[in-house]
Amino acid sequence: MYYDLEKQYLKILESIKKCGGFPSRYSELDIYLALEYAIESVKLRIPTKVIARKWNPNKCPTCLANLGGKCNDGYWENPHYDKCLVCGQLLEWEE
């Protein structure tokens with residue numbers, strides 16, 4: 001379902017780019033949803049600082065997904081990914 005909506009929004013955005021405006025065959029809601037999708041897609045391409053706390057897994061700042069896994073010794077493994085594996089948010093790490 002999400003993939004179908006994504007294709008529809010991308011189709012609307014592509015027609016906006018070609019026409020230089022909104023074609024009349026799309027409803028106001030379609031246009032609003034397409035623009036929201038475009039904004040959210042652009043936000044995912046801006047690197048955002050990871051939520052990191054001691055003794056906890058690192059988390060994605062957008063979807064709050066765990067970026068690490070639990071080790072057998074009770075500690076957390078926290079690999080440094082370039083982007084979130086769940087939502088695709090680009091991640092920025094403090095050095």
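Atom set for the values below is all heavy atoms of this structure, side chains included, hydrogens, waters and symmetry mates excluded.
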Worksheet entry | Residue pair Asn58, Trp93: steps toward the side chain to side chain contact (heavy atoms under 4.5 Å, CB included) verdict | CA-CA 10 Å; Asn58 293 331; Trp93 296 90; 3.2 Å; yes

Item to complete: Test Tyr37 against Leu35 for side chain to side chain contact (heavy atoms under 4.5 Å, CB included), laying out the working first.
Response: CA-CA 5 Å; Tyr37 174 76; Leu35 291 174; over 6 Å; no

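The two residues Gln89 and Ile46 have their closest heavy-atom pair at NE2-O, 2.6 Å. When all heavy atoms are compared, the tightest approach of Pro79 to Gly68 is CD-CA, 4.0 Å.
Within the model, atoms CG of Leu64 and CD1 of Ile51 stand 5.0 Å from one another, a figure rounded to the nearest 0.5 Å. Atom CG of Asp82 is separated from atom CG of Leu90 by 8.0 Å, given to the nearest 0.5 angstrom. Rounding to the nearest 0.5 angstrom, the gap separating the CD atom in Glu40 from the CZ atom in Arg45 is 12.0 Å.
By the 4.5 Å heavy-atom criterion applied to side chains, Leu44 and Cys87 are counted as neighbours. No side-chain heavy atom of Val50 sits under 4.5 Å from any side-chain heavy atom of Cys60. Side-chain contact between Val86 and Thr62: absent, with no pair of heavy atoms (C-beta onward) separated by less than 4.5 Å.
In the model, Thr48 has no side-chain atom that pairs as donor or acceptor with a side-chain atom of Glu92 under 3.5 Å.
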